[in-house]
Amino acid sequence: MNRCERVAQNFSPSKAREAQEVLSRLVRRESVKGEVLYVGGIDVSYRGKLGIGVFVIMKYPTAEPLGCSYVAKEACVPYVPGLLAFREMEVAAPLVGAVLRSHRIDLLFVNGHGIAHPRRFGLATHVGLVFKTRTIGVARRRLVGTEVREGNRILLTHEGETVGARLGSFYVSPGWGVTLEEALEYTSTLTRKGLPEPLRLADRLGKALGAEAGNGGDCAWLMREL
DNA sequence: GCGACAG
DNA sequence: ATCTTGTCGC
């Protein structure tokens with residue numbers, strides 16, 4: 001049995017859920033103040049067992065692309081609904097940590113739910129708490145909750161709590177340090193077509209990089225071609 | 001037991 | 001998410 005198989009064997013969904021319940025009490029729901037000039041977008045795509053994490057940096061609110069870096073490594077933790085963060089963090093955490101240490105990022109868009117999660121601790125919230133950075137969760141599909149129309153918007157309600165909202169073809173939920181209102185404002189401002197720009201670009205770059213098979217590094221060169 | 005189920 | 005051929009529609 002190789003290292004990756006051992007990691008998979010060791011992964012305990014029940015313990016991971018317990019961890020989420022403990023950590024979710026530490027999440028900052030109130031808004032963190034501070035001007036937003038630089039935003040990031042993080043996305044992980046897969047090619048077989050290889051996970052490709054991409055981090056893009058953009059100017060806010062123009063969505064001008066400023067930088068890109070990526071990592072590629074075997075994804076060992078299996079995907080379990082509600083535990084996506086444990087799978088993606090294995091690939092993306094080192095990348096996010098490295099970029100946040102060397103660049104100013106005021107707000108980070110994450111491909112996955114924030115508090116719109118069974119234990120209010122989706123991927124975006126997990127990333128925000130670990131790195132103490134404002135995050136917004138954006139997901140194409142719903143994990144929990146029911147849609148409730150309220151005026152001109154569609155809210156996502158779960159167990160009596162408003163945990164997010166639908167914006168066009170995707171769902172938005174607060175990750176860490178932002179309110180739902182702020183999340184919707186920042187997200188709609190950066191949305192041109194489909195997903196918000198930081199995630200749309202990270203998504204396309206990940207797929208393009210998948211055909212390259214590099215180990216990681218700077219991808220600004222490729223970014224300039226898309 | 002059955003259906004739902006981010007990426 | 002990814003695998004994966006042909007096929008339906010604008």
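Since this is a predicted model, take the numbers as computed values, not measurements. Throughout, protein chains are lettered first and strands after them, A, B, ... in sequence-line order, and every chain is numbered starting at 1.
- With rounding to whole Å, I115(A) atom CD1 is found 18 Å from dA6(B) atom P.
- Residue-level contact check: G82(A) touches the bases, meaning some heavy atom is under 4.0 Å from a base atom.
- Picking from dT2(C), dA6(B), dC5(B) the nucleotide with the shortest atom distance to the side chain of Y46(A) gives dT2(C).
- We find that CD of E88(A) is positioned 12 Å from P of dA6(B), with the value rounded to whole Å.
- Rounded to whole angstrom, the span from the NE2 atom of H117(A) across to the P atom of dG7(B) amounts to 13 Å.
- Taking atom CZ on R87(A) and atom C1' on dT2(C), their separation rounds to 10 Å, with Å as the unit.
- At the heavy-atom level, V44(A) lies under 4.0 Å from the strands shown only through sugar-phosphate atoms.
- Taking atom OH of Y79(A) as the reference point, atom C1' of dA4(B) lies 11 Å away to the nearest angstrom.
- In this structure, N111(A) places its CG atom 7 Å from P of dA1(C), rounding to the nearest Å.
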Could you please spell out the steps behind the side chain to side chain contact (heavy atoms under 4.5 Å, CB included) verdict for L201(A) and M58(A)?
-> CA-CA 10 Å; L201(A) 181 56; M58(A) 286 181 161; 3.6 Å; yes

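- Rounded to a whole Å, the CG atom of L143(A) is 15 Å from the P atom of dA1(C).
- Nucleic acid contact for I52(A): none, since no nucleic acid atom lies under 4.0 Å from a heavy atom of the residue.
- Within the cation-pi definition used here (under 6.0 Å to the ring centroid, within 45° of the axis), R87(A) qualifies as a partner of Y46(A).
- Under the salt bridge (Lys or Arg N to Asp or Glu O under 4.0 Å) rule, E147(A) has a single partner from R166(A), R142(A), R153(A), which is R166(A).
- In this structure, R140(A) reaches the sugar-phosphate backbone alone: every heavy-atom distance under 4.0 Å involves primed, P, OP1 or OP2 atoms, never a base.
- Proximity note for L84(A) (side chain, C-beta onward) versus dC5(B), dA1(C), dG7(B): the nearest is dG7(B).
- Taking only side-chain nitrogens and oxygens, R141(A) comes nearer than 4.0 Å to OP1 or OP2 of dG7(B).
- One atom, CZ of F121(A), and another, C1' of dA6(B), lie 15 Å apart when rounded to the nearest Å.
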Could you check E197(A) against R200(A) for salt bridge (charged side-chain N to carboxylate O under 4.0 Å, His left out), going step by step and ending with a plain yes or no?
-> CA-CA 5 Å; E197(A) 290 303 298; R200(A) 198 166 75 88; 3.2 Å; yes

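- When the shell of 6.0 Å around CD of E5(A) is examined, it contains more than 12 heavy atoms from other residues, nucleotides or ligands.
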